[in-house]
Structures are given as structure tokens and as C-alpha cells.
There are 2 protein chains.
Amino acid sequence: MPDANDRLTYRDIKADIMARIQNRRWGPDQVLPAEVELAASYGCARATVNRALTELTDEGILERRRKAGTRVRAAPLRAARFEIPIVRRQIEEAGAVYDYRLISRAECRADAEPRLGGVFAAGEPLLHLHCLHLADDRPFQFENRFISLAALPQARDAAFDHLGPNEWLVSAVPYSEVEVSFLALGAEAPVTTQLGVEPGQALFCMERTTWWEGRTLTNVRLFHLPGYRMTTRY
Amino acid sequence: MPDANDRLTYRDIKADIMARIQNRRWGPDQVLPAEVELAASYGCARATVNRALTELTDEGILERRRKAGTRVRAAPLRAARFEIPIVRRQIEEAGAVYDYRLISRAECRADAEPRLGGVFAAGEPLLHLHCLHLADDRPFQFENRFISLAALPQARDAAFDHLGPNEWLVSAVPYSEVEVSFLALGAEAPVTTQLGVEPGQALFCMERTTWWEGRTLTNVRLFHLPGYRMTTRY
DNA sequence: ATTGGTAATATGTCTAGACATAATGAGGCA
DNA sequence: TGCCTCATTATGTCTAGACATATTACCAAT
């Protein structure tokens, strides 16, 4: 139990400010007192108030401008944090047994599918993998991945029959720039057979493209079972 | 151009640490020097290093434990920030003209649809709205919303024929707890006719539930046109 | 009325030092 | 060997004060 005599922490202050906003003591667009005043009223240093306000700003609750002050955001264009899950971890955390299966492996060129044109350099050689991730022996996620063989020639020597491409990439590739998208796609072969769903069934799909020094390394589409959803609270 | 004689900022330090991780001078799982040592090597105060490390931890790059130290995350289970868009703003920022249309408005009970059972209290009276958001007179987003009349009786007096429910709620309801989900759904009536898509077409859907002091205020499903995606980079 | 310059001001960031707290690992004991 | 205790240690947070910087508001000149 926190001692009532304890000093206020920046968390206390954050919570207090949040409460005042929630019960509308500080309404939308209202300018709140300056940091020095808040610090005085809370009986703490300005840096402590600053940390609370800065975090609330990062979370999209407040809006700050030098000289103009701090105000409550009218339209809470709040940004939500979503954990980008690693499928193995996701399955194991649910208490299921993770299994991985390589479905197909082939080399192709970047013009094999029209959508690859906007992702890889034209005509670039690619490794094309289809993989299945299973939870307790049941299909959980289908992976459709392309790896640039121009950027990652070592991928030619990787079998990917037991180690999934994601895990291989984590160990082979430095931290890099990533773009993640969520989208809905109708199921087509080979997803239908692998996940055991009807053609056209709406599937939640996560697409991820990874770059390193301006070159596209890999693009992957992860197809989930019907009913899958990504959730976050705030 | 930043003066080379200037002190290092926490941003400089963040960037430097990030660069060392990217070029693998500090590899996965490696423990980095303690804050005091880093501060000494960067020639700045510990608080500055602390801020850099704390932010990198928030971003999922590092992992910190007291006494154990700071290490590079092996599997970068990075969390991505997604801006939760306000449809009006979204359309206007794309340079289009926003328009809103109320399609239907009815009262019902929380057992009207089975999925509402997990969201609202059993049998609770609800206001059920169908709305269409248009960009340049073309359907852009279909909204299927339920508002608790037990928690928000004022909603009965709101017409919602010109002001959308989201905008009404922002002005009527205090900041509250929110759960956001992304999912894929096959199109069914009335979404099909309103958005002009084929039945079964895969649609990207955002579902949002809002609480206040433990009571469910509203639940909404926002259906987007085929091809819609939510994207973020990091 | 419009423009341009300037002082005032709130936030942004850094420093140096202090104490709090969680977690580890070593040593002692059963 | 295995378990408990405790000192050590790295991070977590706060303070008081300082300077930097963006932005506003006001005043003067056009």
C-alpha cells in the first residue's frame, strides 16, 4: 500500500490529470495551468510534472506548444499501440504446442505477381516460400513470403524446412526499417487448402515489408483463421 | 546544421545506440554498459542516457531489468503505433468533401444480436444506428453502432440526422476506456447495399467499445471499402 | 490596415546529485 | 545438494536549478 505521506510520483500526477480530464474539470480544448503552477500545486519539481504531461502528450491525450501552453485534445485522435506478435510466442503463450511446416519453396522473379512490383526492384530474383504455423497440430497461420536473393543471397543456402523464415531472418538480418499493414483479404488457393477455409472467406491479414539501407529484404503476408482479431485497450 | 560543439542530446544518444544495434556492434541479447558508464562515454549526465534508454525500451528495442542491466531484445516483439482515425478528418485530409448520412435509427434490446450479449448488459435498451460516411459523394465507410440508452438516455433526444454519433459522443461523453479491434468480415446486408459491394466480399472492420465507470456506453463496427488497409512504419 | 520586429513566456532539455527499489548472486546453513 | 539471507548493484524516479527554443502578443513603422 502506498504511503499517503510519500511524495507524489509522476504516475500519480498523470492519473490525477487524466481523472480531471475524464470528469471534465478540464474540458476539451481547455488550456491547463503551466508546468510551474502545476508543480507548485502538486508540491513537486517541474520535471515531475513535465514527465507526466509529456507522456500524456505521447498518448494523444494532450497537445502542447511552446508558449501557447498545454491543452486537452478536442478530438482525441488517439494512437493505439498494437503488439506485433511473433507467431511462435503467440501460440506458446496460449498454452498450445507450436509446430512449423514448409509447404513450398521456389525461386522466382519480382514480376511473378503484379503487387510485388511496388515492393521489390523490377525483375529481382526472389525466394518464394509458403509456410504453415500450427497450434496443437491445427493450422493457425499461413505465411506467404518473398525474400530478396539480391539482398540476402545467404537465403539460398537456408533450407527453411525446420526453422521458420522469420526466425532465420531475425538471426541473419540486422534491425531494419519495417512497414506493417493490416488488411482483409478473401481466401484463395493455396491459403484455402492450407487453412481449410472456403474460397472467398474473409481473412485477417498482416503484411510486413522490411528494408535495410533502402533495399527491400523481404515481404510477407500472414493469413489468419476466420474470426481472428487484433485488439488493444486504452 | 547541428553544431559539432553542442552537447549531445538524448536524441543523439538514442540514434547512436540504435545505430550500434543495427550494425550489430551490440547484438541480440547482449547486455549494454550500465547507464553511468554510457553517461561517462558520451560525456553527459546519467539522466540523459536514461531518457534515451527508456524510450528505446518503450519502443520495444531494449529490455531493462534492475540490477540485471539493459539488453538488446532478441526477438524484437515490437509494438507499433497506429493512429485511430476519425473518419471526417481522414476524408478531409485526403482532400475530399466529407458527407454524412443517417441510414436507420431504431431502439432495440441488447439481445437483438448474439454478439451484443458479451458487450452490453443483458436486455439493456439500446439505440441502434446505421450511418454512412461519404467522401466526394461516394460511400467510404459504413457504421453500425449501438448506444446504451441506460447509460446515455440523452441519446434518445439526439436526431443523428446531421451530426454523426461519433461527434455527438465526443461532446456528450467524458474521456473513457476504449477497446479497439481490427478484424476481417464478409460483407452482409445492409453493408453490401450501402457500400455497394458483393455479399461475402472481405471487408476490413474496426470495432470499438467504450466504457465509463464499468458500464458499456457504445459499441461500433466501422466497415471499410475493399482494399482498405491500416499501415504504420517503424 | 498591414507588416515587421521584439520582448515575454511556456515548453524542451540538460546537469549533478540523491534516495528508492527490484533483482541478482554469493555465502552460510541445514 | 538445496534453500535462505543479505549485501550489492543497476535501474527508477525525484529535486533544484539552468539554459535553449519556439511561439505568441504587442508595439511600432509602413
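Proteins get letters first, then strands, A, B, ... in listed order; numbering begins at 1 in each.
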Report yes if at least one side-chain N or O of B:R64 is closer than 4.0 Å to OP1 or OP2 of D:dG12; otherwise report no.
-> yes
Spell out yes or no: do the side chain of B:R65 and the base of D:dT9 have one donor N/O and one acceptor N/O closer than 3.5 Å?
-> no
Distance, rounded to the nearest Å, where A:K14 contributes NZ and D:dG12 contributes P | 15 Å
Any donor-acceptor pair under 3.5 Å joining the side chain of B:R51 to the base of C:dG12?
-> no
Under a 4.5 Å cut-off applied to non-hydrogen side-chain atoms, are B:L53 and B:L32 in contact?
-> yes
Which nucleotide in C:dT13, D:dC14, C:dA10 has an atom nearest any side-chain atom of A:Y10 = D:dC14
Options D:dT23, D:dA16, C:dG12, nucleotide nearest the side-chain atoms of A:K67 = D:dT23
Quick one: on DNA chain D, does B:T54 or A:A47 contact a more 5' nucleotide (nearest heavy atom)?
-> B:T54
Do A:L8 and A:D16 come close enough that some side-chain heavy atom pair is under 4.5 Å?
-> no
Closest to side chain of B:A68, choosing from D:dG12, C:dG12, C:dT24 = C:dT24
Between A:L32 and B:A45, who's closer to the 5' end of DNA chain C by nearest nucleotide?
-> A:L32
Between CG of B:L38 and P of D:dA10 the distance, given in whole Å, is 12 Å
Look at the side chain of A:R66 and the base of D:dT21, then say whether one donor and one acceptor between them are separated by less than 3.5 Å.
-> yes
For the ring pair B:F82 and A:F182, is the centre-to-centre distance below 6.0 Å?
-> yes
May I ask you to verify whether the side chain of A:R11 and the base of D:dT13 hold a donor-acceptor pair under 3.5 Å?
-> no
Short side-chain N/O contact from B:T48 to OP1 or OP2 of C:dT15, under 4.0 Å | yes
To the nearest angstrom, the CD-C1' distance between B:E63 and D:dA10 comes to 15 Å
Could you state the CG-P distance from B:L8 to D:dA20, rounded to the nearest angstrom?
-> 16 Å
Within less than 4.0 Å of OP1 or OP2 of C:dT11, is there a side-chain N or O belonging to A:T70?
-> yes
To the nearest Å, how far apart are B:N50 CG and D:dA10 P?
-> 15 Å
Could you verify whether a donor N or O on one side chain and an acceptor N or O on the other, from A:Y100 and A:H162, lie under 3.5 Å apart?
-> no
Rounded to the nearest Å, what distance is computed from the CG atom of residue B:D58 to the C1' atom of nucleotide D:dG12?
-> 13 Å
Between CD of A:E37 and P of C:dA10 the distance, given in whole Å, is 7 Å
So, B:E59 and B:K14, do they make that salt bridge, N to O below 4.0 Å?
-> yes
To the nearest angstrom, the CZ-P distance between B:R46 and D:dT9 comes to 15 Å
